[in-house]
Amino acid sequence: MNVFRTAAVTAATAVLTVASLSAATAAPAPAPAPEFLAAKELPASQTPWTASKVKEGVADDFCTGKIAPKSSSTYRTFRTELDTGAHQTVTVAATGARAKALVGKLRSSVEDCLGKLKKEYPGLKGTSRYQGKVSVEEGAYVYSIDTADPKSGSDDIRLYSVGRDGKTVTVIGWGRLGDLDGVPLKGFKKTTRTAVAKLR
């Protein structure tokens with residue numbers, strides 16, 4: 001009987017050891033993907049917004065499209081039927097410090113964008129303004145860029161916001177034909193607050 005009892009204890013120990021090793025070597029559960037804005041959360045428009053699927057990489061944008069690393073970013077685009085579009089890019093950095101640095105780079109890129117546009121399109125006129133901070137998580141910053149092209153006679157207005165929650169950063173761009181008058185700035189700030197609050 002002692003032999004069987006010893007064998008049973010040894011077998012049980014072996015099972016527990018294997019179970020412990022399996023638990024120790026099991027890959028940790030992946031972090032949940034950041035949640036993006038829904039079409040209905042964009043500023044009010046004369047026609048409804050529609051949203052694309054979330055894609056890998058960064059949104060194509062003259063001011064911000066080359067700043068965030070593509071490998072750790074995803075994005076979504078939005079559009080209406082009346083020359084109004086928007087996009088959101090979300091980047092998950094390795095650390096909070098790197099996320100904070102990315103916010104600084106994105107803000108600088110938006111602040112410098114009008115100058116770059118004027119170099120790209122000689123004769124372009126415009127005004128760039130900082131429109132204030134939105135108090136949400138680690139903060140979000142809102143800008144407007146109002147341009148007019150004398151050659152084509154077209155006016156364009158774009159709004160940008162850059163925000164962060166911990167290691168996750170989002171940049172939102174919104175644009176349409178026209179100028180700053182009548183732009184839903186209050187609605188855009190509300191959209192920004194919603195977007196940053198959704199980050200994980």
Side-chain angles (χ1 to χ4, degrees), residues 26-45 49-80 84-114 116 128-145 157-176 183-200:
E35 187 177 351
F36 277 75
L37 287 166
K40 64 181 180 181
E41 293 169 327
L42 274 289
S45 179
W49 287 95
T50 57
S52 73
K53 293 181 179 180
V54 175
K55 302 176 182 179
E56 299 292 328
V58 298
D60 184 15
D61 183 89
F62 184 87
C63 295
T64 63
K66 296 181 180 180
I67 307 303
K70 293 182 179 180
S71 60
S72 54
S73 301
T74 47
Y75 73 98
R76 164 176 277 179
T77 58
F78 307 85
R79 66 180 182 86
T80 73
T84 306
H87 58 75
Q88 180 187 12
T89 295
V90 175
T91 304
V92 181
T95 65
R98 290 189 180 182
K100 185 177 180 180
L102 177 58
V103 168
K105 291 178 181 179
L106 286 165
R107 292 186 65 188
S108 294
S109 183
V110 174
E111 291 166 357
D112 297 340
C113 191
L114 180 59
K116 295 176 183 177
S128 179
R129 298 178 183 172
Y130 173 56
Q131 298 290 353
K133 183 178 180 179
V134 177
S135 296
V136 55
E137 300 303 339
E138 274 69 55
Y141 308 88
V142 180
Y143 299 86
S144 65
I145 302 176
I157 179 67
R158 294 198 66 82
L159 300 176
Y160 287 94
S161 62
V162 182
R164 178 173 73 95
D165 180 5
K167 298 189 297 183
T168 310
V169 176
T170 190
V171 57
I172 304 166
W174 175 100
R176 77 177 185 197
V183 164
L185 185 58
K186 184 177 180 180
F188 184 74
K189 288 184 176 182
K190 181 180 179 181
T191 294
T192 296
R193 183 186 300 278
T194 300
V196 176
K198 284 187 169 190
L199 300 178
R200 299 190 178 110

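Bear in mind that the values here come from a model prediction, so they are computed numbers and not experimental data. Numbers here simply count residues along the sequence, with the first being 1.
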Asks: Do other residues, nucleotides or ligands put more than 12 heavy atoms under 6.0 Å from the CG atom of Asp60?
Replies: no
Asks: With the side chain counted from C-beta on, respond yes when Phe188 and Val183 share a heavy-atom pair under 4.5 Å apart, and no when they do not.
Replies: no
Asks: Is there a side-chain contact between Thr91 and Leu102 (heavy atoms, below 4.5 Å)?
Replies: yes
Asks: Is it true that Thr77 and Ser52 share a donor-acceptor pair across their side chains at a distance under 3.5 Å?
Replies: yes
Asks: Keeping the roles fixed (side chain from Glu138, backbone from Gly166), state whether a donor-acceptor pair exists under 3.5 Å.
Replies: yes
Asks: Do side-chain atoms of Glu41 reach the backbone of Thr194 as a donor and acceptor pair under 3.5 angstrom?
Replies: no
Asks: Check Ala99 against Ala93 and note the closest heavy-atom contact, atom names and distance.
Replies: N-CB, 3.6 Å
Asks: Kindly give the heavy-atom pair with the smallest separation between Val58 and Ala68, and that separation in Å.
Replies: CG1-O, 3.7 Å
Asks: Check whether any side-chain heavy atom of Ser109 sits under 4.5 Å from a side-chain heavy atom of Lys116, and report yes or no.
Replies: yes
Asks: May I ask you to decide if Ser135's main-chain N or O and Arg193's side chain share a donor-acceptor pair within less than 3.5 Å?
Replies: yes
Asks: Supply the atom-to-atom distance Thr192 OG1 to Ile172 CD1, rounded to the nearest 0.5 angstrom.
Replies: 4.5 Å
Asks: List the atom of Val110, the atom of Ser128, and the distance in Å for their closest heavy-atom pair.
Replies: O-OG, 4.5 Å
Asks: For the pair Val162 and Thr64, evaluate side-chain contact (heavy atoms from CB on, under 4.5 Å) and give the outcome as yes or no after the intermediate values.
Replies: CA-CA 10 Å; Val162 182; Thr64 63; 5.9 Å; no
Asks: Show your reasoning for whether side-chain contact (heavy atoms from CB on, under 4.5 Å) applies to Asp61 and Tyr160.
Replies: CA-CA 11 Å; Asp61 183 89; Tyr160 287 94; 2.9 Å; yes
Asks: If you look at every heavy atom in Ala51 and Arg76, which pair is closest and at what distance?
Replies: CB-CD, 3.9 Å
Asks: Can you tell if the side chain of Thr74 reaches within under 4.5 Å of the side chain of Phe36, non-hydrogen atoms only?
Replies: yes
Asks: For a side-chain contact (heavy atoms from CB on, under 4.5 Å) check, start with the C-alpha distance between Cys113 and Ile145, then their side-chain angles and the critical distance, and finish with the verdict.
Replies: CA-CA 8 Å; Cys113 191; Ile145 302 176; 3.9 Å; yes
Asks: Look up atom SG in Cys63 and atom CG in Leu106, then write down how far apart they are to the nearest 0.5 Å.
Replies: 11.0 Å
Asks: Above 12 or not: heavy atoms from other molecules or residues under 6.0 Å from NZ of Lys167?
Replies: no
Asks: Let me confirm one number: the NZ-CG distance from Lys189 to Leu159, rounded to the nearest 0.5 Å.
Replies: 10.0 Å
Asks: Is there a side-chain contact between Trp174 and Thr191, using heavy atoms and a 4.5 Å cut-off?
Replies: no
Asks: Got a second to check how far Ser72's OG is from Glu56's CD, nearest 0.5 Å?
Replies: 10.0 Å
Asks: Could you pull out the closest heavy-atom pair between His87 and Arg158, with the gap in Å?
Replies: NE2-NH2, 3.7 Å
Asks: Less than 4.5 Å apart, any side-chain heavy atom of Glu137 and any of Leu199?
Replies: no
Asks: Between Thr84 and Trp49, is a side-chain contact (heavy atoms from CB on, under 4.5 Å) present by the stated rule, with each step listed?
Replies: CA-CA 9 Å; Thr84 306; Trp49 287 95; 3.4 Å; yes
Asks: Counting C-beta onward and ignoring hydrogens, is there a side-chain heavy-atom pair between Thr80 and Arg176 closer than 4.5 Å?
Replies: no
Asks: Which heavy atom of Ser73 sits nearest to which heavy atom of Thr89, and what is that distance?
Replies: CB-CG2, 4.1 Å
Asks: So Tyr143 and Tyr130, would you call those rings parallel, tilted or perpendicular, with 30° and 60° as cut-offs?
Replies: tilted
